[in-house]
Amino acid sequence: MFRKNDLKGDALCKDCFFWAFEEEVHKTIIDANLFSPGEVVAIGASGGKDSTVLAYTLKTLNERYDYKLDLILLSVDEGITGYRDDSLETVKRNQQQYELPLKIISYKELYGWTMDDIVKQVGLKNNCTFCGVFRRQALDRGAMLLKVDKIVTGHNADDIAETVIMNILRGDIARLKRCTAITTGADGALPRCKPFKYTYEKEIVMYAYFKKLDYFSTECIYSPNAYRGHARTYIKDLEAIRPSSIIDIIHSGECMAVKKEVKLPVQGTCSRCGYISSQEVCKACVLLEGLNKGLPKLGIGKPHKVKKLEAQGKIFTDTKNPKFVENRDADKGSMANNAAALDF
Amino acid sequence: MELVVSLEFSGGAELLFDKVKNHEVSLPARANGPWTIKHLLVWIKDNLLKERPELFVQGDTVRPGILVLINDADWELMGELNYELKSKDRIVFISTLHGG
């Protein structure tokens, strides 16, 4: 007797647990038709528990079931001293252990700012907004450089349930509709999917512990103030009372429908960098302009304030964002063509 | 009769214990009844925890998000807080509360 499977209520021995874990992920992949043979797939790898287990599991299933995928590890270096530099060491070890190629892309090279620099400017309250927005684009840009067909991330059931709760608390209907999708951006060039959508964080930790997988386990030093923390505490308390709550919340999120009359943002492309955006200028460009012009709150407030400052000629006065120039010119063709296809 | 058990803290939980992952502990004999996990948690809080108890315990149980293994089995299968400790038991506390 070793491990209780929360959803089915069975107790499993260690080997059966490994097998059940892997087979459930395989089933998720097959049922949702996540991959096609011959695809090049980038695994968003942070060195943390979810991405390490994801890399290990995908490699195992790729071999066992002959998915015929080319797997690559893709890591983003946000420039957080004492956190990211240590976890990147873990990814480099994973590269050796799992024999997968690795590409690291940094905020410094993409945006000219590290998270440490950003926190010095912005303070401790809204910095997670910067990091999340920048990282998302960084993963896509890194993947384009590698010419991959698809990105996979280690988001697990707990993460998605937290996101559902966060979007409800903030009344963000547009995001609520998208956040439970197992694949996003499927109609475009760079879809990303979450094979762990139905896998509990607890199972991932148990799997890693018993397989003795190497992962980095420290909280980001800036995270204690993140909004997600409140949703997370709530989810954890719910799980302790009724473990199926997590899957139930995801299911509820999937079932939510929005009335036809409700106006949802339309997705276009950023006028400055070509990335997908529901506003005229994408969030990353707005945040970056704010940082560069000493207006750190620029991307945090409402969009109309950005428009007002632009009309007054105080921001976006240069026609090109200097940091994006290289990237933009280099993949101008592909970026412009694919931008509409990238899901935000 | 003292009760000797080994404790392991991982997944980040070790940071609350001076970064020491493994602890061999001798629990003093109890006057009124056997040692249970519930008593062990109180003992850990009073004797081993170096800082921020609220990150490890919540009420009389572990903070939600910390997994407990008793001799490599999920504590849910062993009676959770009511499990009675035996000599040479190995209790592992794994924190899941960090980025992935």
Side-chain angles (χ1 to χ4, degrees), chain A residues 1-6 9-14 17 44-54 80 83-84 87 131 153-156 158-159 196 199-206 208-210 215-220 222-224 226 228-229 232-241 243, chain B residues 6-23 37-38 41 49-84 86 89-100:
Chain A
M1 289 294 133
F2 154 77
R3 161 89 185 94
K4 194 171 165 193
N5 183 324
D6 287 312
D10 306 321
L12 301 169
C13 71
K14 195 191 296 190
F17 168 65
S46 63
K49 58 185 175 12
D50 302 311
S51 50
T52 294
V53 175
L54 180 65
I80 302 175
Y83 174 68
R84 191 50 80 204
S87 76
C131 198
T153 55
H155 290 93
N156 58 49
D158 297 50
D159 294 326
F196 282 165
T199 310
Y200 277 39
E201 185 171 62
K202 180 175 176 177
E203 298 178 286
I204 291 173
V205 174
M206 292 282 221
Y209 181 77
F210 285 102
Y215 68 87
F216 182 71
S217 59
T218 304
E219 257 196 330
C220 174
Y222 301 127
S223 72
R228 180 174 285 270
R232 173 163 255 194
T233 306
Y234 179 62
I235 296 278
K236 285 290 143 191
D237 286 341
L238 282 181
E239 188 192 11
I241 300 168
Chain B
S6 44
L7 306 177
E8 185 187 322
F9 301 100
S10 79
E14 66 273 23
L15 295 174
L16 302 173
F17 298 92
D18 267 341
K19 299 190 186 166
V20 177
K21 287 193 166 188
N22 294 296
H23 301 250
I37 297 283
K38 190 171 174 178
L41 285 181
L49 206 48
K50 295 295 169 197
E51 55 179 298
R52 323 261 328 257
E54 72 279 8
L55 293 184
F56 188 69
V57 290
Q58 186 171 296
D60 57 4
T61 185
V62 287
R63 181 182 175 207
I66 297 190
L67 307 183
V68 185
L69 298 175
I70 301 171
N71 300 326
D72 274 4
D74 189 338
W75 76 332
E76 286 176 29
L77 294 170
M78 311 291 275
E80 289 189 37
L81 290 172
N82 297 321
Y83 171 80
E84 287 176 18
K86 300 184 311 294
D89 272 349
R90 200 168 141 255
I91 322 288
V92 183
F93 297 93
I94 314 177
S95 172
T96 66
L97 301 160
H98 50 76

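From a predicted model like this one, the values you see are computed outputs, not experimental measurements. Order of the sequence lines fixes the chain letters, A, B, ..., with proteins taken first and strands second; residue numbering starts at 1 for each chain.
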Engineer: Would you mind checking if B:Lys38 and B:Glu84 are paired as a salt bridge, meaning a charged N to carboxylate O distance below 4.0 Å?
Structural biologist: no

Engineer: How close do A:Ser87 and A:Phe216 get, counting heavy atoms only, and between which atoms?
Structural biologist: CB-CD2, 3.3 Å

Engineer: Quick check on B:Glu8 against chain A: is it the side chain, the backbone, both or neither that has a heavy atom closer than 4.5 Å?
Structural biologist: side chain

Engineer: Using a cut-off of under 4.5 Å for heavy-atom pairs, which of B:Val92, B:Thr61, B:Leu67 has the most such pairs with chain A?
Structural biologist: B:Leu67

Engineer: Can we say A:Asp158 and A:Lys236 salt-bridge, meaning some charged N sits less than 4.0 Å from an Asp/Glu carboxylate O?
Structural biologist: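 Yes, charged N to carboxylate O under 4.0 Å.
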
Engineer: With a 4.5 angstrom heavy-atom cut-off, could you sort out which part of B:Leu15 is near chain A: side chain, backbone, both or neither?
Structural biologist: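 Contact with chain A is through the side chain of B:Leu15 alone.
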
Engineer: Just give me the residue among B:Ser10, B:Ser95, B:Gly11, B:Ala13 that pairs up with chain A most often, heavy atom to heavy atom, under 4.5 Å.
Structural biologist: B:Gly11

Engineer: Stepwise, does the salt bridge (Lys or Arg N to Asp or Glu O under 4.0 Å) test hold for A:Arg232 with A:Glu201?
Structural biologist: CA-CA 12 Å; A:Arg232 173 163 255 194; A:Glu201 185 171 62; 3.0 Å; yes

